[in-house]
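Note that the coordinates shown come from a computational prediction; the quantities given were computed from them, not determined experimentally.
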Amino acid sequence: MDIGGTLVKLVYFEPVDITAEEEQEEVENLKSIRRYLTSNVAYGKTGVRDVHLELRNLTMCGRTGNLHFIRFPTQAMPRFIQMGRDKNFSSLHTTLCATGGGAYKFENEFRSMADLELLKLDELDCLIRGLLYVDRVSFNGHPEGYYFENPSDTQSCVKKTCTLDNPFPMLLVNIGSGVSILAVYSENDYKRVTGTSLGGGTFLGLCCLLTGCETFEEALEMASKGDSTNVDKLVKDIYGGDYERFGLQGSAVASSFGHMMSKEKRDSISKEDLAKATLVTITNNIGSIARMCAVNEKIERVVFVGNFLRINTVSTKLLAYAMDFWSKGQLRALFLEHEGYFGAVGALLELHKTTEDP
Amino acid sequence: MAEFVRVDSSTSSHTMDKSIILPPDEIFRNLENAKRFAIDIGGSLTKLAYYSTVQHKVAKVRSFDHTSKEATNDNLYEISVQEEVTARLHFIKFENAYIETCLDFIKDHLVNTDTKVIKATGGGAHKFKELIERKLGLKVDKEDEMTCLIKGCNFVLRNIPHEAFVFAKHTESEYRFQTTQPDIFPYLLVNIGSGVSIVKVESEDKFERIGGSSIGGGTFWGLGALLTKTKGFDELLQLASKGQHTSVDMLVKDIYGGSYGSLGLTGDLIASSFGKSATADKEFSKEDMAKSLLHMISNDIGQLACLYAKMHNLSRVYFGGFFIRGHPVTMHTITYSINFFTKGEVQALFLRHEGYLGAIGAFLKGAEEDNPNQYSWGENYAGSSGLMSVSPDMNPMQRARSGTFDMLEMDRLERKLVNLPLLQDASSYIPDTVDLIEDAPAREYWLFCFEEALDGVVKRAVASQPDMPEAAERAEKFRQKYRHKLQTLRHQPFAYGSLTVRSLLDTREHCLNEFNFPDPYCKIKQQENDMALKYYQKAVKALDGLSWEQRQFALVRGVLAGNVFDWGAKAVSDVLESDPEFGFEQAKRQLEERPWLVDSYDQWFERLKGPPHKCALFFVDNSGVDIILGVMPFVRELLSRGTEVVLASNSGPALNDVTNGELQILTESIAAMDPVIQSSLEEDRLILVQSGSSSPCLDLSRLDKVLAMVVRERNIDLVIIEGMGRAIHTNYYAMLSCESLKMAVIKNSWLADRLGGKLFSVVFKYEVPITDHISAALTP
């Protein structure tokens, strides 16, 4: 599992080649957990299994099985630990591999409440390992990656799948609650270039404050209906057209939320417009920082991951456009279907590594 | 990007009620001679610029024609006060609400101008175009905002020492002024208006917008207004300064429980701005949200600035725009962000006249035919308001000023000023010995000292113009003005850049000139020069009677004793005033016996036994006994040794310092008595040049271009700096690339105490550049 600032990502490998003999030996407890996880798509009020992401007939450690992807809010961690105690996880004598900040933050609670020892793993190590693994095994026979063709033209912009053949070097932009930007040269050779605190958490946080919404889905739903130009001040709002001296198009955003300096405009603005402006502001800013890092690090391929991009085509298209437009076609933005789960997958792989070589 | 345009009419109407606090003719000065107007109208402030010619009185000296000597007059020279016309730039900043009133005033007072056009820039220029054209009958000519900004920035960086500063909140003095760099390019200007523009400036005419961001001052204001239901930008900053961002932001420790050690991310670092408001189901205070927003935006701008600085390999980054504009809150957060992202490699720099850049640039665009950039300009402390703090917790006196008018005046200097070519490292040279911003006890003392000396200066000023009945009235105005400056500096020591004894002295000179007291000491100087000249031959004869060894010491003592004669030092002016018989011999007795407080006489003496210097540059100090009986015999000995001498004296008057004009006359009359001086003048082995300064102190980075040329041509290998103002208040630590001699008598008991000596302690500092020692040691 990968315990982030906002979401916990859990991957579960379900062997499907269990022999009758094994079935016999298997403790009842484990069976019940497997049944619970694989037969439901929702857990409690907030847990969700992303069925569409399930990787089927995967071979791991010589076993064939399905990889399940489950997420729930970090706020529900205490309840999860409670459940671990109730279901007596500790009796399974298995290691729980955990990464993300929560692996450190909740370590003591796992130990004291559920009698579970966590194997703590570095989140960036896990992220890269998991990402490379999923790309390698492919998404049930289809490529894991995709990009947008003609990102600068809304009419002809289309999503195209691709694999990360020869993936290095790549600039990896992980957008969770905050953002980390890594320059990756090989599976084990990478550095964190920079990060920004303006991430998914900021989008959702501001949206909640501005619109009263409560969930990411709700915020995105509103954003998809809004028009950010009612909120943002564009170059043409200031200069009446393009700012030619500096080659700025009239349609470029000059000041995010700039119109909101005026009381009349504040009083007449819709929640949808505000949600859209927040999304565009955060996304463009990430794009801008990522682009400069790519130039400074001399890397042309920029891979965006993280749960901020989940069901968020506004942002993925905007990022693809920003990379293409501002670099004059030099940079290409790539995205991956399993967006936010690579850290958790990487942690799972670590488990297999430890069981392989004792 | 562009400045915002205030749409919020309620605020403007309320400021409308305020009356103009200063009489307008003290704000829009010299309008009779004004030409070349420029105006920069921002979202809330208007900046007006114009050029004027100022007539002011200067004291001139002229030697009498001694062939037709009048029996009644035995003075060496006559003093006359003449009118001189100089050029001045005026910049005035006021709230947009005053525009109409101000335009009316200008229209009424603008006589005989042939100006047809007013240059305009700023986001609000188009809004007031019609009003300006109607009121003034001038055609409004719009100039590109960014071009004006850069032009203005180059101008202030080049002409105003201590223009740039770094801001350090938690230190004794928040403002740390930077020394002027010999080359101001290249630099990065980050202008934070409603959005952010990042401009790389490579030369006067070459600059490029390399990037920007839409997250800027408008985002803080707009988003802040939505979140907190607070209308004004200043109110938002005030809220932010009281808030706690940690209740709204998700920190690293909120995710990790502590720090993320392997990446070196501390627990207090913001992982996700507003991250807690996404998950925690609670009300957040306005203050906390404003603070979180301020951090978010400042950090983001700082990060972008650093990425661009890195991309273009630039280390000088200036920040401006209404988001910054003197607000300690934003200067602090930007500084913090830059420190964080560059690990201290890049410092965020701010500008003292940041608000004026657009107006200055627009003005310069309109004045290209006068080519203002070919001159050196100096900030006139008398006519400039100085930097004000706009912090929410400012004192009431500042608050009263902030709503009114702010002024900047720049005088065109007669001479182009450059670095002394002999500075070891021009980029790290700091003229002043003590920074009174950082040294609070020293500041207290000197402000007190200058305030106490004010009565005497006023008295002296009146006495210098006996035949002018209104002199007393003008002197009183001078007193008020200078006292007000001192009061301002007590509250805002950073108002005019680094506060130093030099700046206090210069401010006083500017204020005296302002009220037409060009040379309060002219009469005294004249008397003293006349008196001292009578003893010259006797003094020289006495010295010639000494052995070589005795003479060298006597010459040094002579310079030091002469330097005791100084009306600028309170301890001495008291004695001089009460006892006019206080003589040269008595001064020698007052001097401290060796070993002196700083005493490298033995090394100097050893050096004199060696080969003569090629050419010495002597920065002289006072009139009278000092120059005539102290310095001249010393110079005579150098000349006799075969050393050429360049005497550098002030271009304009300051206290009783000898001016270049006076020194010309004095030298001629000494030459008439002394064949050594006579022949040296004829052979061009003794020359007189002006320093370009009118200050009792000396800034070796702003010297007359001609002087610098002479220094290069003559291969100067010895620099002598004399007097407390030039060798102790300034240049005490100046490192030169040739031998140097600093000589002064400490005539201030507080300073003596500071330096571990007593009144009339002697500083005799002979220095040889270290590099010479090394190369000498390495030479077999």
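When Ile3(A), Thr6(A), Asp122(A) are compared by the number of non-hydrogen pairs under 4.5 Å with chain B, Asp122(A) comes out ahead. With respect to chain B, the highest number of heavy-atom pairs below 4.5 Å among Thr196(A), Val295(A), Ile269(A), Ile289(A) belongs to Ile289(A). Considering only heavy-atom pairs separated by less than 4.5 Å from chain A, the leading option among Phe284(B), Phe233(B), Phe207(B) is Phe207(B). Among Val199(B), Leu226(B), Ile215(B), the residue making the largest number of heavy-atom pairs under 4.5 Å with chain A is Leu226(B).
Heavy-atom distances place the side chain of Phe341(B), and not its backbone, under 4.5 Å from chain A. Using a 4.5 Å cut-off between heavy atoms, Glu123(A) contacts chain B through both its backbone and its side chain. At a 4.5 Å heavy-atom cutoff, the contact between Thr147(B) and chain A is made by side-chain atoms alone. Phe220(B) does not touch chain A: none of its heavy atoms, backbone or side chain, sits under 4.5 Å away. Proximity to chain B involves both the backbone and the side chain of Leu124(A), based on heavy atoms less than 4.5 angstrom apart. For chain A, the nearby part of Ala271(B) is the backbone; its heavy atoms alone come within less than 4.5 Å. Of the two parts of Leu265(B), only the side chain, counted from C-beta on, holds a non-hydrogen atom closer than 4.5 Å to a non-hydrogen atom of chain A. Contacts between Leu307(B) and chain A at a heavy-atom distance below 4.5 Å involve backbone atoms as well as side-chain atoms. For chain A, the nearby part of Met250(B) is the side chain; its heavy atoms alone come within less than 4.5 Å.
Judged purely by atom type and a 3.5 angstrom limit, Gln303(B) uses its side chain to pair as donor or acceptor with the backbone of Gly195(A).
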